[in-house]
Every structure is written in structure tokens, then in C-alpha cells.
Amino acid sequence: MLQTLCQDDPLVSLLLSYRHMTDRHKAALDPYLDIEGYVDDDHRRAHTRRERTDALEAQQLLEQTVDLLTRRFVLPDGLAVTLPGTDGASHPLVTGQLDDSAREVFLHGQCHAFARALSDHTEWPMAVIIDYECSQNPDLCASDPVAEAVCTCQLDHVVAVRPDGAHVDITGAHLPGALPDYEGQEAIPVTNALWSHISRSPLWRRPAVDVARTFVVPLLSTLDDGRAAA
């Protein structure tokens with residue numbers, strides 16, 4: 001049964017934006033078509049350039065729509081999915097099933113997705129652990145800093161920060177500087193600008209936040225009485 005949306009529902013704005021966008025795109029492309037709706041050979045190159053421009057706008061709207069939907073609806077448990085990890089690796093896992101497969105992908109390639117999902121659920125801020133080794137290599141650290149005195153290659157691992165200061169990732173809660181494999185490393189806050197950088201950087205995979213959300217409650221249920229592990 002169809003449901004009527006409220007006027008102030010963000011989905012209404014997205015649906016209207018989509019309709020206006022597609023109307024504009026069609027009006028812009030129609031001059032390149034013949035009477036039967038096919039691209040005229042004399043206008044094929046111009047038509048292709050216009051299509052590319054329109055595709056970028058459509059991609060941005062699609063990303064906004066998916067982000068809204070994943071914030072409003074959580075995927076069901078038990079779905080078999082595959083997520084991209086580091087170095088081109090692919091990781092199969094089952095949504096909501098907190099096992100070694102889930103820990104592997106959310107440690108290696110999708111830590112930022114889990115931190116984002118956990119932050120959205122708890123309203124805890126995020127932080128990124130810094131690796132200082134690459135800062136001495138001009139080939140790796142030659143770009144403009146993404147935070148004060150920090151370049152993009154130094155962004156190592158993203159966590160959520162619990163009110164007691166514990167760093168929380170898919171393995172649990174840990175004292176700052178005591179996270180396994182990142183012992184002694186400092187962390188800096190993840191600002192909106194820094195999150196935007198991580199999300200679009202080729203050094204990071206697309207954050208699968210929709211899948212990560214299914215592991216937030218299972219992970220939180222494993223944390224004991226609010227204390228960080230040593």
C-alpha cells in the first residue's frame with residue numbers, strides 16, 4: 001500500500017530534485033537528437049560531453065539519496081555481502097554476524113565505515129590514528145596537509161571515541177595508544193573536512209556504512225560496564 005510522505009520529509013526534497021534534474025537534462029540533450037530520438041551524427045561529440053556533465057550531477061544526487069536511505073533504514077541481518085578492503089582485496093561477510101570475517105574487513109579497509117556507523121548511532125566523535133613514518137618520505141607526504149601538520153598518508157585507522165576517552169573499533173574498546181597494531185600512536189579528531197577527504201581519497205575504500213550499521217549493536221553488546229580494555 002502506498003504511503004503519503006510529509007512535506008518536510010527529506011525524501012520529498014530529493015524526489016523533487018530528481019524530477020527537476022531529469023527535466024533539465026532532457027531539455028539540454030533534446031537538441032542533439034533527431035526526430036526519432038537518436039543522436040544526430042553531427043552532434044554526437046557535443047551530446048557525449050553534455051551526458052558526462054549530467055552524469056556527474058546525477059551521481060551526486062544518487063549519493064545523497066543512498067546516504068539518506070541508509071540513515072533511515074538498516075539492512076537485515078543474514079545477508080551475504082562482499083566489501084572492498086585494502087590492496088584490492090575483497091571480503092565476504094554476513095550482515096550482523098560479528099565474527100572473524102567482519103573483524104577482518106572492518107580492520108583492513110573499512111574501519112572508517114564502522115567508525116562512521118558507530119558515531120552516527122552513539123553520537124560519539126570520531127578520531128583517526130596517525131602514523132608518523134611516512135611523513136619523512138616526500139613521495140608519500142608531498143601533498144598539502146589534510147589537518148595541522150598531518151598529510152594524507154599518515155591517516156592510519158579510524159575509531160569512535162567513547163565519552164570516557166576509550167577508542168572503539170570493531171575489536172572493542174581500548175585505552176588511547178593501546179589499540180592492537182597501533183600501540184603508542186596518537187590520534188586527531190575527525191572533522192567534517194577530514195571525513196570528506198577520507199571519503200573521496202583514492203587511498204581509502206568507499207565507506208560501506210550501510211553494511212557497517214548492522215554490526216554496531218552487536219559490537220556495543222560486547223562492551224562491558226563502560227571500561228576500556230588495557
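All residue numbers refer to positions in the sequence shown, counting from 1. Worth knowing before you read on, the calculation uses all heavy atoms, side chains too, and leaves out hydrogens, waters and symmetry mates.
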[X] and [Y]: which non-hydrogen atoms are nearest, and at how many Å?
X: S201; Y: T152; result: OG-OG1, 4.1 Å
X: A115; Y: A160; result: CB-N, 4.2 Å
X: H91; Y: H108; result: NE2-O, 3.9 Å
X: V12; Y: C6; result: CG2-O, 3.2 Å
X: V158; Y: C111; result: N-SG, 3.4 Å
X: W124; Y: V168; result: CZ3-CG2, 4.1 Å

What do you reckon, is [atom1] of [X] surrounded by more than 12 foreign heavy atoms closer than 6.0 Å?
X: R45; atom1: CZ; answer: no
X: R24; atom1: CZ; answer: yes
X: E123; atom1: CD; answer: no

Polar side-chain atom of Q60 near backbone of A58 as donor-acceptor pair, under 3.5 Å
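Looks like no, no N/O pair under 3.5 Å.
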
Any donor-acceptor pair under 3.5 Å from R205 side chain to P202 backbone:
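Looks like yes, one N/O pair under 3.5 Å.
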
Single-linkage hydrophobic cluster [X]~[Y], side-chain heavy atoms < 4.5 angstrom:
X: Y38; Y: L29; result: no
X: L69; Y: V209; result: no
X: I130; Y: V190; result: yes
X: M126; Y: L179; result: no

Rounded to the nearest 0.5 Å, how far apart are OH of Y132 and SG of C151?
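Taking OH in Y132 and SG in C151, the distance rounds to 11.0 Å.
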
Distance (rounded to the nearest 0.5 Å) between T171 OG1 and L107 CG
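Atom-to-atom, T171:OG1 and L107:CG are 6.0 Å apart.
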
Determine whether [X] and [Y] make a side-chain contact, defined as any pair of heavy atoms from C-beta on separated by less than 4.5 Å.
X: L118; Y: L220; answer: yes
X: V39; Y: L33; answer: yes
X: P207; Y: R116; answer: no
X: L75; Y: V81; answer: no
X: L93; Y: Q97; answer: no

What class does the angle between the rings of Y32 and H47 fall in, given that below 30° is parallel, 30 to 60° is tilted and above 60° is perpendicular?
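Rings of Y32 and H47: perpendicular, as their planes differ by over 60°.
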
Residue pairs passing the salt bridge (charged side-chain N to carboxylate O under 4.0 Å, His left out) test where at least one lies in residues 92-104, sequence neighbours excluded
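Found D100-R103.
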
